[in-house]
Amino acid sequence: MSIGYCCISLGVNANRMKKDFISVNRGMIKKTFDSKGLPYVSELTLQNITDCKKILQYNVSKDISVYRMSSDMFPCIGFYKIKDLPKYDLIKSKMIDLGNYIKSNNIRVSFHPSHFNIIASENPDVVSRSIDELDKHAELMDMMELEQSTYYPINIHIGTTKPNTTIAAQRFCDSFSLLSDSCKSRLTVENDDSPNQYSVKMLYDMVYKVIGIPIVFDQHHFLYGPKDQSMEEALTLAISTWKTKALTHMSSSKKLEDIKGLATAHADYIYEKIETFGLDFDVEIEAKCKDLAVLKYRKDFI
DNA sequence: CCAGGTCAAGGGAGT
DNA sequence: ACTCCCTTGACCTGG
């Protein structure tokens, strides 16, 4: 089992001034995009890619080999074609370099595009925008020359239950066929944290059986989703859908740190040992304290 | 220079 | 039909 974290690194910025902060998600609002245009996108993107490598190097130094890359690395990615960016050749060569570093250090990276990507939406415009953005995530993986498999997953939720979970899941499967082959080969789907949304078992029956994409098991979401299986059953079922080593999510409830906190919100650190039931899988820790939570988890539990 | 209001985006619950 | 919230961190502006 390898354990990693998502996007932002706190440790890499210890003792660093604001000015030289290492960040992979420099972005901009639409107004700035309209006034400064693509050259500014390229400028921020190049800085983000440069810093992403620094974070990966830091991860390697801490023996952290799982990392979720930020979807904000290319700001406002829905507004342009990647190949239209100024300095595309430079961007591309830095992405190849990043990919080489990832491969030669056996790092497993993933993407988790935002919750606005809903290919099951009843609104066709939302579907086509989501397809475009998901395909672009796959294009970034391709730019890094990472193999097209769920070893490098692009993970999303179904994102809607309209008009009911069955029909929405069908639309998810229908829209899946509209994605690029590159994206299809990497797409995974994750269980939800609400009793009205999708459990692992529902995803297995409604999505996996139809289009065969793996299920990302989120241990924290499991506690708050539909209660139709034990954790061991749900984890085992989710793991069974993977051809590559499975990826899972782990977090602790904010309630454990703050009695007023939301149960479904993420805590700063992890307070429970990850249940494996004898299975092998990778883990992305979703905790506010990011890499520091990974280091603390290993100290506390391993 | 900094605090805090705001941000492209959808969905869902409540009214 | 409408409002507000979810959830998140960084942007950006006004003081």
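Labels below follow one simple rule: chain letters A, B, ... track the order of the sequence lines, proteins then strands, and each chain is numbered from 1.
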Earlier contact from the 5' end, DNA chain C, for A/F33 and A/I8: A/I8
Test log, rule salt bridge (charged side-chain N to carboxylate O under 4.0 Å, His left out), inputs A/D228 and A/K201: CA-CA 7 Å; A/D228 51 12; A/K201 189 170 190 302; over 6 Å; no
Nearest-Å distance for atom pair CG/C1', residues A/D51 and C/dA10: 15 Å
Atom-to-atom span, NE2 of A/H220 to P of C/dT7 - whole angstrom: 10 Å
C/dC5 and B/dT6, which share atom name C1', separated by this distance in whole Å: 16 Å
Pairwise P distance for C/dC4 and B/dG5, with rounding to whole Å: 16 Å
C/dG9 - base-pair partner by Watson-Crick or wobble geometry, distances under 3.5 Å: B/dC7
Atom pair distance, as rounded to whole Å: CG in A/L44 and P in C/dG9: 19 Å
Gap in Å between the two P atoms, one belonging to B/dC7 and one to C/dT3, rounded: 16 Å
Aromatic centroids of A/H112 and A/H157 separated by under 6.0 Å: yes
Complement of C/dA1, any strand, by Watson-Crick or G-U distances under 3.5 angstrom: B/dT15
Which atom pairs link the protein and nucleotides 7-15 of chain B when you take only N or O atoms and keep those under 3.5 Å?
unit_1 : atom_1 : unit_2 : atom_2 : d
B/dA8  : OP1    : A/K30  : N      : 2.1
B/dG10 : OP1    : A/R129 : NH2    : 3.0
B/dG11 : OP1    : A/S121 : OG     : 2.8
B/dG12 : OP1    : A/T161 : N      : 2.6
B/dG12 : OP1    : A/T161 : OG1    : 2.9
B/dG12 : OP2    : A/T160 : OG1    : 3.2
B/dA13 : OP1    : A/N196 : ND2    : 3.2

Touch class at under 4.0 angstrom, heavy-atom based, for A/K288 against every strand present: sugar-phosphate
Sidechain N-carboxylate O distance under 4.0 Å for A/K94, A/D89: no
Test item: A/K290 side-chain N/O and A/E286 main-chain N/O as donor-acceptor pair under 3.5 Å: no
Whole-Å P distance, B/dG10 and C/dA10: 23 Å
Residues A/T150, A/T244; criterion side-chain hydrogen bond (donor to acceptor under 3.5 Å, both in side chains); working and verdict: CA-CA 6 Å; A/T150 55; A/T244 60; 2.9 Å; yes
Main-chain N/O of A/I64 paired with A/N59 side-chain donor or acceptor, under 3.5 Å: no
Whole-Å P distance, C/dT7 and B/dA13: 14 Å
A/D258/A/K254 ion pair, N-O < 4.0 Å: no
Spacing of A/Y224 atom OH relative to C/dC6 atom P, expressed in whole Å: 16 Å
Protein-nucleotide distance (A/R26, atom CZ; C/dG9, atom P), rounded to Å: 17 Å
Interatomic distance where CD1 belongs to A/I22 and P belongs to C/dA10 [whole Å]: 14 Å
